[in-house]
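Contents: one structure, followed by commentary.
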Amino acid sequence: MSDDNLLPFSFPAVQRKKITAAFDGGRITSDGGVMLLAQAERRLGIAERLAQVIPDRRDQDRVTHLVPDILRARIFAIACGYEDADDLDRLRCDPAFKLACGRLPDSGTDLCSQPTISRWENAPALRDLIRLMGVMVDLYCASYATPPAAVTLDIDDTVDVVHGHQQLSLFNAHYDERCFLPIHVYDTAVARPVAVLLRPGKTPSGKEVHGHLRRLVRRIRRHWPATHITIRGDGHYGRPQVMAWCEENGIDFVFGLPGNAVLADAVEEAADDIRTRRALDHKPGLRGFAETRYQAQSWNQQRRACARIEATTQGLDIRFIVTSLETRSAEHIYETIYCARGQAENLIKLHKTQLASDRTSCRSPLANQMRLILHTAAYWLILTVRDAIPKAHLLATAEFATIRLRLLKLGTRVIETASRIRLAFAAACPEARLIRHIAAGLMPSAP
């Protein structure tokens, strides 16, 4: 069967000169920036770390592709925007991807194909996945040169609409979809992922959240026994079991708190004052804060509840949070500490929409969790590349899609000779100086 890609095709003429084209340019890649990802991966050692906890029961005398190489190829492809394993059927011959995986572009063997990738996505058992998630938490802790004095971890879930009747998928009336609701945990101060867990498409119970946080904090404590941890989340993470466990283990928390008549009565005096002052001054809106001690029937003790009260021409809006913090004002806790939780939603967007981590279309939840781990590894690589950009540069805070477009999707001619390999980037590359800077910054200190 002939390959239609080799046939020439045409574009409209320019100044009466005919334009023809064909995919016959030779060893040219459209992803020359994958070499930056390769340097980031070498620095972090993600593929090797993950492969160490996955049992390889193959006959080693017949192995062509080592597990680290298989994972490395898949992670690079995800970071470059190829979210499906099918894409490896073409990319396995790509000279830049071969170089990034430690193989020679011309004389080296091709990378693994889609069936090999799919087999290893389905290979890990439950205990293997638990160890793999432990590796990702260890990677987060290792990203700090020294244990920090304190960290704030944001926990949230996001809708992941299913493509069929996969295991764990449930109908969620809020989203009006059959879906998963995976939990994401981030250190938003540095945009680093801590854990991503696949779970059914329903609101997590207090027992479930308590179990996830207990295992997560226990793993972190192995590395940072003296670091103070604060957990931050919205209303359905502020469960009695979670708050009680945090207090027993010296962990602070700030959670959203659904309002009710008792809370509204407790801050009525402050709310009436704000509402009156707004009306007297004819302002479009006025915001104020109040706090009270509150104990729900399911709580084992009273806790501090802070209220954000906002009066507008449309009426009164009151939002509550519950916290173990006792030393700061209600305004500081709500506006400075709690509202910073919104950054976690931006990081989830990077993970889900710009790295396509919602491609959880396998039937088995174990395989889908493995995919989330691979997409989280791709997140780490792009984040490492972005962190190597000078802080004054416009791309230092760019989203991953912009990083991919400007730094990874680069047309490059790959030339292999007897003694060296040369990458010929476009002479008109807009980010040539920045790419040179990143490559030097990610260069390993030892050969």
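Since we're looking at a predicted model, the values are computed, not measured. For reference, positions follow the sequence shown, starting with 1. When reading the values below, keep in mind they use all heavy atoms of this one structure, side chains included, and skip hydrogens, waters and symmetry mates.
Side chains of D157 and Y237: a donor-acceptor N/O pair is present below 3.5 angstrom, by distance only. With no hydrogens or angles considered, a side-chain donor-acceptor pair links T188 and R232 at under 3.5 Å. When only modelled atom types and interatomic distance are considered, S357 and K352 share no side-chain donor-acceptor pair under 3.5 Å. Checked by atom type, the side-chain pair R103/T109 shows a donor-acceptor distance below 3.5 Å. Residues Q354 and E399 have side chains that bring a donor and an acceptor to within less than 3.5 angstrom of each other. Residues D187 and Y144 have side chains that bring a donor and an acceptor to within less than 3.5 angstrom of each other. With no hydrogens or angles considered, a side-chain donor-acceptor pair links R371 and S361 at under 3.5 Å. Between the side chains of E416 and S107, a donor-acceptor pair is found at a separation under 3.5 Å. Of the N and O atoms on the side chains of T323 and R304, not one donor lies less than 3.5 Å from an acceptor on the other residue.
Looking at every heavy atom in both residues, I382 comes nearest to A79 through CD1-O, 3.6 Å. Listed here is the closest heavy atom pair of L36 and L407: CD1-O, 4.0 Å. For the residue pair N172 and G201, the shortest heavy atom distance occurs at ND2-O, 3.2 Å. The heavy-atom pair separating D106 from R27 by the smallest distance is OD1-NE, 2.8 Å. The shortest heavy-atom contact between P182 and L198 is CB-CA, 4.2 Å. Scanning both residues, Y186 and P193, for their nearest heavy atoms gives CD2-CA, 3.6 Å.
Side chain of E345 to main chain of Q343: no donor-acceptor pair is present (N/O by atom type, distance under 3.5 Å, no hydrogens or angles). Distance alone, capped at 3.5 Å, places no donor-acceptor pair between the T336 side chain and the I333 backbone. Without hydrogens or angle criteria, R199 side chain to L181 main chain gives a donor-acceptor distance under 3.5 Å. Side-chain N or O atoms of R359 include none that pairs as donor or acceptor with a backbone N or O of E83 at under 3.5 Å. A donor-acceptor pair is defined here as one N or O able to donate and one able to accept, closer than 3.5 Å; such a pair exists between the side chain of R386 and the backbone of A398. Between the side chain of N260 and the backbone N or O of L263 there is at least one donor-acceptor pair closer than 3.5 Å. The backbone N or O of P148 sits less than 3.5 Å from a side-chain atom of T227, completing a donor-acceptor pair. Side chain of T116 to backbone of C112: no donor-acceptor contact under 3.5 angstrom is found. Put simply, the side chain of R406 never gets that close to the backbone of P430: no donor and acceptor are under 3.5 Å apart. The backbone N or O of I251 sits nowhere less than 3.5 Å from a side-chain atom of N249 that would complete a donor-acceptor pair.
Residues W224 and C141 are in side-chain contact: their nearest non-hydrogen atoms beyond the backbone lie under 4.5 Å apart. Using a 4.5 Å cut-off on side-chain heavy atoms (C-beta onward), L129 and I373 make contact. Two residues are said to be in side-chain contact when any heavy atoms from C-beta on lie closer than 4.5 Å; W120 and I54 meet this criterion. In this structure the side chain of E310 reaches within 4.5 angstrom of the side chain of T312, judged on heavy atoms. The closest side-chain heavy-atom distance from M136 to W380 is below 4.5 Å. With a 4.5 Å cut-off on side-chain heavy atoms, I337 and T152 do not count as touching. In this structure, the side chains of V162 and T360 stay at 4.5 Å or more apart for every pair of heavy atoms. Considering only heavy atoms from C-beta on, I229 stays 4.5 Å or farther from D252 through its side chain.
Under the 6.0 Å cut-off for aromatic ring centres, Y294 and W299 qualify, their centroids lying closer than that. Taking the six-membered ring where the residue is Trp, the centroids of F76 and Y82 are separated by 6.0 Å or more. Taking the six-membered ring for Trp and the full ring otherwise, W245 and F253 have centroids separated by 6.0 Å or more.
Here the SG-NE2 distance, from C306 to H332, works out to 11.0 Å after rounding to the nearest 0.5 Å. Taking SG from C80 and CG from D31, the interatomic distance works out to 4.5 Å, rounded to the nearest 0.5 Å. Distance check: R215 CZ to R218 CZ gives 7.5 Å after rounding to the nearest 0.5 Å. Rounded to the nearest 0.5 Å, atoms CD1 (I421) and CG (L423) are 8.0 Å apart. Atom CZ of R363 sits about 12.5 Å away from atom CG of N122, to the nearest 0.5 Å. Put simply, CD1 on I231 and CG on L153 are 4.5 Å apart, with the number rounded to the nearest 0.5 Å.
Counting non-hydrogen atoms of other residues, nucleotides and ligands closer than 6.0 Å to CZ of R293 gives a total above 12. More than 12 heavy atoms of other residues, nucleotides or ligands shown are found within 6.0 angstrom of CZ on R58. Within a 6.0 Å radius of CD in Q314, other residues, nucleotides and ligands contribute 12 heavy atoms or fewer. Residue-environment remark: NZ (K202) stays at or below the threshold of 12 foreign heavy atoms within 6.0 Å. Within 6.0 Å of CZ in R328 there are 12 or fewer heavy atoms belonging to other residues, nucleotides or ligands.
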### Task
Assess whether side chain to side chain contact (heavy atoms under 4.5 Å, CB included) is satisfied between L111 and L91, documenting all intermediate values.
CA-CA 8 Å; L111 302 176; L91 296 176; over 6 Å; no

### Message
For E431 and L395: C-alpha separation, side-chain torsions, deciding distance, then whether side chain to side chain contact (heavy atoms under 4.5 Å, CB included) applies.
### Response
CA-CA 10 Å; E431 305 297 345; L395 293 181; 4.1 Å; yes

#### Entry: Candidate pair R308 and E335, rule salt bridge (Lys or Arg N to Asp or Glu O under 4.0 Å), full reasoning
CA-CA 9 Å; R308 188 271 290 154; E335 290 209 321; over 6 Å; no

### Message
Working note: R92 + S113, criterion side chain to side chain donor-acceptor pair (under 3.5 Å); need CA distance, chi angles, decisive distance, verdict.
### Response
CA-CA 6 Å; R92 65 192 301 250; S113 60; 4.7 Å; no

### Audit row: Q369, L366, side chain to side chain contact (heavy atoms under 4.5 Å, CB included) steps and yes/no
CA-CA 5 Å; Q369 176 63 50; L366 301 181; 5.8 Å; no

### Message
side chain to side chain contact (heavy atoms under 4.5 Å, CB included), that's the test. Do N368 and L372 meet it? Break it down for me.
### Response
CA-CA 6 Å; N368 287 325; L372 287 179; over 6 Å; no

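Salt bridge annotation for D138-R49: absent, with no cationic side-chain nitrogen under 4.0 angstrom from a carboxylate oxygen.
Under the ring-ring contact (aromatic ring centres under 6.0 Å, His included) test applied with H184, the options H212, H351, H375 reduce to a single match, H351.
The side-chain hydrogen bond (donor to acceptor under 3.5 Å, both in side chains) pairs that include a residue from residues 34-46 are E41-R72, where partners are two or more places apart or lie in different chains.
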